[in-house]
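Quantities reported herein were computed from a predicted structural model and do not represent experimental measurements.
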Amino acid sequence: MGFEDVLRKAQDGDPDAQVAMGYLFFKGDGVVQDRREAARWFYLAADQGNAEAMCNLAHMRAHGEGVRLDLDKSMELYLKAADLGDARAMFNLGYMYTDVEGLKDYEKGFYWYSRAAEAGNIIALYRMGVMMEEGIGRDIDYRSAMDCYTKCLEGGFPKAGYRLGKMYMEGRGVPQNYDKAAKYMIKAADLGSEDAMLELGKMHLTGQGMNRSVNNAKKWLTKAAIRGSAEAAELLEKINSGELK
């Protein structure tokens with residue numbers, strides 16, 4: 001559907017088309033970027049009960065993009081969207097309660113992450129795992145954290161594999177087991193985790209959980225360094241200079 005068709009539908013009051021217009025102006029996709037105009041279209045859709053538009057406006061209110069920054073209004077819009085079943089709004093509420101100064105309430109944050117996870121948001125499930133593993137706003141619960149991470153890893157979320165690997169490496173909630181740690185690190189690295197690639201490089205240098213191999217260490221450290229790991233780059237430099245053998 002072309003721009004003129006979407007515009008015509010939006011002008012006729014179609015909320016989905018209004019949301020589409022909002023995205024076009026927000027991103028500057030085929031039109032001059034105009035966050036105020038984006039907000040106008042989102043508001044038109046939100047007034048008709050469109051949860052996606054409400055969630056977008058809440059984000060814009062939280063960051064002062066195209067509209068005045070207003071955290072109270074942002075939370076109000078997120079709550080409305082969440083009550084309509086919008087999983088992204090549920091996750092963002094969790095984030096606001098766990099990460100935004102002045103709004104922090106870990107119990108509420110965990111509640112909204114759990115709602116988002118039930119609606120299929122894998123990052124919300126991962127954040128629940130982190131909160132349970134680290135005892136953020138609740139008692140530490142390693143077993144439940146591992147259950148969350150396992151489900152996230154099955155869903156292809158690499159950070160969860162890294163977390164599971166670290167728990168086995170350090171013996172937190174489970175007996176220390178370098179072989180299992182290596183298994184999870186490899187899964188996470190194959191999914192793109194820079195941290196897991198770095199850890200695998202270190203494990204090949206020490207021989208923990210796998211055969212000691214400088215060549216394999218260099219392979220994983222190079223992958224991590226390419227993705228921006230300063231520690232991996234430093235270790236590679238030490239290997240290449242002969243400081244590490």
Side-chain angles (χ1 to χ4, degrees), residues 82 85-99 106-107 109-211 213 216-232 235:
D86 190 286
R88 184 162 58 100
M90 295 172 193
F91 174 84
N92 287 347
L93 278 168
Y95 177 85
M96 297 287 274
Y97 280 124
T98 59
D99 287 60
Y106 292 120
E107 186 174 344
F110 189 87
Y111 167 77
W112 283 110
Y113 284 142
S114 67
R115 288 280 305 275
E118 288 170 2
N121 188 303
I122 198 169
I123 303 177
L125 184 62
Y126 172 77
R127 283 200 157 224
M128 288 172 63
V130 173
M131 293 179 77
M132 289 187 283
E133 180 192 351
E134 298 183 0
I136 299 173
R138 59 202 311 103
D139 293 335
I140 288 175
D141 185 345
Y142 290 130
R143 176 49 54 193
S144 294
M146 293 185 78
D147 287 343
C148 288
Y149 294 150
T150 299
K151 290 175 183 176
C152 288
L153 184 59
E154 289 171 353
F157 194 67
K159 288 184 178 180
Y162 171 76
R163 284 270 183 172
L164 285 166
K166 289 293 285 186
M167 291 180 79
Y168 276 106
M169 283 185 72
E170 297 170 6
R172 282 183 294 109
V174 290
Q176 191 175 52
N177 187 319
Y178 287 111
D179 289 338
K180 286 188 177 181
K183 179 185 74 172
Y184 283 115
M185 288 298 178
I186 289 170
K187 285 184 178 181
D190 287 343
L191 288 169
S193 169
E194 168 193 320
D195 291 329
M197 293 170 190
L198 170 62
E199 208 62 52
L200 285 168
K202 292 179 179 179
M203 293 173 80
H204 275 296
L205 286 174
T206 62
Q208 290 180 325
M210 54 189 62
N211 294 328
S213 169
N216 284 336
K218 289 177 69 174
K219 178 189 76 172
W220 286 113
L221 292 172
T222 298
K223 289 184 177 183
I226 288 172
R227 286 164 174 78
S229 171
E231 186 177 356
L235 287 171

* Work out which heavy atom in Trp112 is nearest to a heavy atom in Met90; give both atom names and the distance. => CB-O, 3.4 Å
* Considering all heavy atoms of both residues, which atom of Cys152 and which atom of Ala160 are nearest to each other, and what is their separation? -> CB-CB, 3.5 Å
* Structure fact -> Sorted by chain and number, sequence neighbours left out, side chain to side chain contact (heavy atoms under 4.5 Å, CB included) with Tyr178 holds for Met169, Gln176, Gln208
* Chi angles and distances behind the side-chain contact (heavy atoms from CB on, under 4.5 Å) call for Arg138, Glu107 -> CA-CA 8 Å; Arg138 59 202 311 103; Glu107 186 174 344; 5.8 Å; no
* Could you please spell out the steps behind the side-chain contact (heavy atoms from CB on, under 4.5 Å) verdict for Asn211 and Asn216? => CA-CA 9 Å; Asn211 294 328; Asn216 284 336; over 6 Å; no
* What pair of heavy atoms forms the shortest contact from Ala119 to Ala87, and how long is it? -> CB-CB, 3.7 Å
* **Ring centre gap for Tyr113 and Phe91 strictly below 6.0 Å** => yes
* **Straight-line distance of Cys148 SG to Met128 CE, nearest 0.5 Å** => 5.0 Å
* For Gly209 and Met203, work out which heavy atoms get closest and say how close. => CA-CE, 4.3 Å
* Within a strict 4.5 Å, meaning less than it, do heavy atoms of the Arg172 and Lys166 side chains meet? -> yes
* To do: Nearest 0.5 Å please: distance from the CE atom of Met146 over to the OH atom of Tyr184.
  => 6.0 Å
* What distance do Ser193 atom OG and Lys187 atom NZ have between them, rounded to the nearest 0.5 Å? -> 14.0 Å
* Closest contact, heavy atoms only, Met197 versus Ala224 -> CB-CB, 3.8 Å
* Asked: Under 3.5 Å, is there a donor-acceptor pair between the side chain of Arg227 and the main chain of Lys223?
  -> yes
* To do: Report the C-alpha separation of Val174 and Lys180 in whole Å, then their side-chain angles, then the decisive distance to 0.1 Å, and conclude whether the side-chain contact (heavy atoms from CB on, under 4.5 Å) test is met.
  => CA-CA 11 Å; Val174 290; Lys180 286 188 177 181; over 6 Å; no
* Structure fact -> Output for pair (Ile122 CD1, Arg127 CZ), nearest 0.5 Å, gives 14.5 Å
* Asked: Taking only residues two or more places apart in sequence, or in another chain, which ones meet Tyr162 in a side-chain hydrogen bond (donor to acceptor under 3.5 Å, both in side chains)?
  -> none
* Residues in side-chain hydrogen bond (donor to acceptor under 3.5 Å, both in side chains) with Asn177, at least two apart? -> none
* Can Asp190 and Ile186 be said to form a side-chain contact (heavy atoms from CB on, under 4.5 Å), step by step? -> CA-CA 6 Å; Asp190 287 343; Ile186 289 170; 3.6 Å; yes
* Structure fact -> CD of Glu231 to CG of Leu198, rounded to nearest 0.5 Å, is 4.5 Å
* Using atom types as modelled and distance alone, determine if a side-chain donor or acceptor of Tyr149 lies under 3.5 Å from a backbone N or O of Val130. => yes
* Asked: Ile136 versus Thr98: any side-chain heavy-atom pair under 4.5 Å?
  -> no
* Asked: Near Lys202 NZ, under 6.0 Å, is it more than 12 heavy atoms from other residues, nucleotides or ligands?
  -> yes
* Heavy-atom check, side chain of Lys159 versus side chain of Ile123, under 4.5 Å -> no
* Asked: Going from CZ on Phe157 to CZ on Arg163, what distance comes out if it is rounded to the nearest 0.5 angstrom?
  -> 10.5 Å
* Nearest heavy-atom pair of Ala189 and Leu200: which atoms, and what distance? -> CB-CD1, 3.6 Å
